[in-house]
Engineer: 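Below is the structure I would like to discuss, written out as structure tokens.
Please read all numbers here as calculations on a predicted model, not as lab measurements.
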Amino acid sequence: MLTWLEMNLSIYDNSDFDRGAPRWKEALWVGIRSIFFQTPWPWPSKLRVALLRAFGARIGRNVVIRSNVNISFPWRLTIGDHVWIGEDVGILSLAPVTIGSNVCISQRAYLCTGSHDFRREDFKLVVEPIKIESECWIAAAAFIAPGVQVGSRAVVSAGAVVFEDVLPNTLVRGNPAEATTRLKLESRKEKTMG
């Protein structure tokens with residue numbers, strides 16, 4: 001049984017949290033993000049990728065980043081090749097977020113590396129990295145919690161809430177997300193013959 005303590009936000013203190021960059025860099029990023037990312041204006045993905053790289057993100061080739069994407073700390077973001085990030089995606093990168101190659105993160109999905117310890121009176125900030133391995137699909141409005149690793153070729157269904165690691169070649173759905181199907185890899189040769 002979990003215990004809930006009386007929460008006292010007057011003693012909340014996250015001064016020990018390492019933001020990963022000086023305050024001026026973070027402030028500059030907030031301005032850039034509001035103009036080029038969190039806007040309906042369809043700025044080219046190449047421009048958005050260049051800006052993310054300028055702020056320390058490690059990004060591969062042919063990455064598509066749509067409108068109104070919210071990335072908190074780009075210096076903690078790594079993205080492989082041929083990745084699509086849809087409209088209104090949120091990436092709370094208080095800890096490292098790693099996205100492999102050939103990954104689709106659909107509209108309004110949220111990758112959340114931060115939470116709070118509700119068992120402590122001071123509601124202590126807790127951060128853990130997220131890793132999405134290659135050839136995954138994180139469908140619309142899915143939530144990926146701190147510390148989760150999504151295995152290669154996995155599918156996280158629309159609206160799924162993922163609190164535990166997802167095995168490779170697995171479809172998960174629901175809240176909390178549960179594995180429903182083991183996915184069979186179909187080779188290109190089988191596809192063209194069938």
Side-chain angles (χ1 to χ4, degrees), residues 1-30 33-34 37-38 52 55-59 68-80 83 85-86 88-100 103 105-134 136 138-152 154-168 170 172-179:
M1 173 182 251
L2 292 174
T3 304
W4 174 272
L5 292 178
E6 185 174 325
M7 190 182 336
N8 182 357
L9 294 180
S10 70
I11 63 172
Y12 178 76
D13 177 20
N14 72 345
S15 61
D16 61 338
F17 172 64
D18 177 12
R19 303 180 80 77
R23 291 287 184 164
W24 66 264
K25 185 175 182 179
E26 186 176 347
L28 183 58
W29 170 247
V30 169
R33 182 177 66 194
S34 65
F37 289 81
Q38 290 191 271
L52 286 168
F55 279 86
R58 292 173 299 283
I59 301 179
N68 208 30
V69 170
N70 184 1
I71 300 167
S72 55
F73 297 153
W75 44 90
R76 291 194 171 130
L77 180 63
T78 302
I79 299 175
V83 171
I85 299 179
D88 301 315
V89 166
I91 301 176
L92 181 65
S93 51
L94 303 178
V97 173
T98 304
I99 300 168
V103 170
I105 301 179
S106 293
Q107 298 81 355
R108 294 187 181 90
Y110 193 68
L111 309 182
C112 181
T113 60
S115 188
H116 296 274
D117 187 345
F118 64 87
R119 295 165 294 196
R120 290 179 51 148
E121 183 182 14
D122 63 356
F123 204 51
K124 183 71 177 165
L125 177 67
V126 178
V127 299
E128 294 182 71
I130 289 174
K131 184 174 185 181
I132 311 293
E133 294 184 358
S134 293
C136 289
I138 309 300
F143 176 86
I144 308 296
V148 167
Q149 180 169 330
V150 179
S152 59
V155 175
V156 175
S157 182
V161 179
V162 182
F163 289 104
E164 296 180 1
D165 291 350
V166 177
L167 294 174
T170 303
V172 298
R173 61 171 49 139
N175 178 5
E178 294 181 359

Engineer: Which atom pair, heavy atoms only, marks the closest approach of A158 to A139?
Structural biologist: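 That would be N-CB, 3.3 Å.
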Engineer: Yes or no on side-chain contact (heavy atoms from CB on, under 4.5 Å) for C136 and V156, after CA distance, side-chain angles and deciding distance?
Structural biologist: CA-CA 8 Å; C136 289; V156 175; over 6 Å; no
Engineer: Got P146 and V127 here, is their nearest side-chain heavy-atom distance under 4.5 Å?
Structural biologist: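 A side-chain contact is absent here, since even the closest heavy-atom pair is not under 4.5 Å.
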Engineer: Could you state the interatomic distance from OG1 (T78) to CD1 (I132), rounded to the nearest 0.5 Å?
Structural biologist: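 The distance works out to 12.5 Å.
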Engineer: W29 and L52: side-chain contact (heavy atoms from CB on, under 4.5 Å), yes or no, with the steps?
Structural biologist: CA-CA 9 Å; W29 170 247; L52 286 168; 3.5 Å; yes
Engineer: With rounding to the nearest 0.5 angstrom, report the CZ to CZ distance, R76 to R58.
Structural biologist: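 Interatomic distance, R76 CZ to R58 CZ, rounded to 0.5 Å: 11.0 Å.
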Engineer: Do D16 and K124 have side chains that approach each other closer than 4.5 Å (heavy atoms only, starting at C-beta)?
Structural biologist: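 D16 vs K124: side chains touch.
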Engineer: Nearest heavy-atom pair of V150 and A154: which atoms, and what distance?
Structural biologist: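 Of all heavy-atom pairs spanning V150 and A154, the closest is CG1-CB, 3.8 Å.
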Engineer: Between S72 and P74, what is the shortest heavy-atom contact and its length?
Structural biologist: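 Here S72 and P74 meet closest at O-CD, 3.7 Å.
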Engineer: For residues D88 and Q107, determine if any side-chain heavy atom of one lies less than 4.5 Å from a side-chain heavy atom of the other.
Structural biologist: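 Side chain of D88 against side chain of Q107, heavy atoms only: no contact under 4.5 Å found.
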Engineer: How close do V148 and V162 get, heavy atom to heavy atom, and via which atoms?
Structural biologist: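 Shortest heavy-atom contact: CG2-O, 3.6 Å.
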Engineer: Within the distance-only criterion (no hydrogens, no angle test), does the side chain of R33 pair as donor or acceptor with the backbone N or O of Q38 below 3.5 angstrom?
Structural biologist: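 Checked: no pair found.
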Engineer: Look up atom CD1 in I71 and atom CD1 in I91, then write down how far apart they are to the nearest 0.5 Å.
Structural biologist: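 Interatomic distance, I71 CD1 to I91 CD1, rounded to 0.5 Å: 4.5 Å.
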Engineer: Please find the pair of heavy atoms, one from D165 and one from G147, that lie closest to each other, and give the distance.
Structural biologist: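 It is OD1-O, 3.6 Å.
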Engineer: Testing the basics here: between I138 and A109, what is the closest heavy-atom pair and its distance to 0.1 Å?
Structural biologist: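 Minimum heavy-atom separation between I138 and A109: CG2-CB, 4.1 Å.
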Engineer: Examine distances only and state if a side-chain atom of T113 and a backbone atom of L92 form a donor-acceptor pair shorter than 3.5 Å.
Structural biologist: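 Yes, because the side chain of T113 sits within donor-acceptor range (under 3.5 Å) of the backbone of L92.
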Engineer: Answer whether the closest heavy-atom distance between the side chains of I99 and L111 falls below 4.5 Å.
Structural biologist: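 The answer is yes; the side chains approach within 4.5 Å.
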Engineer: Report yes if some heavy atom in the side chain of I85 is under 4.5 Å from a heavy atom in the side chain of I79; otherwise report no.
Structural biologist: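 Yes; the side chains approach each other to less than 4.5 Å.
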Engineer: Hey, what do you get for CG (N14) to CZ (F123), rounding to the nearest 0.5 Å?
Structural biologist: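 It is 12.0 Å, given to the nearest 0.5 Å.
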Engineer: Test of understanding: with side-chain contact (heavy atoms from CB on, under 4.5 Å), list the residues that count as partners of V161, not counting sequence neighbours.
Structural biologist: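 Applying side-chain contact (heavy atoms from CB on, under 4.5 Å) to V161 gives F143, F163, N175.
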Engineer: Less than 4.5 Å apart, any side-chain heavy atom of L94 and any of L125?
Structural biologist: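 With C-beta onward as the side chain, the pair touches.
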Engineer: Using atom types as modelled and distance alone, determine if a side-chain donor or acceptor of N8 lies under 3.5 Å from a backbone N or O of E121.
Structural biologist: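 No, N8 side chain to E121 backbone: no donor-acceptor pair under 3.5 Å.
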Engineer: Quick one: does K25's side chain get under 4.5 Å of F73's, heavy atoms only?
Structural biologist: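 A side-chain contact under 4.5 Å is absent here.
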Engineer: Taking it one step at a time, do R120 and Y12 satisfy side-chain contact (heavy atoms from CB on, under 4.5 Å)?
Structural biologist: CA-CA 10 Å; R120 290 179 51 148; Y12 178 76; over 6 Å; no
Engineer: Would you mind reporting whether L28 and F55 have side-chain heavy atoms less than 4.5 Å apart?
Structural biologist: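 Yes, close enough: below the 4.5 Å cut-off.
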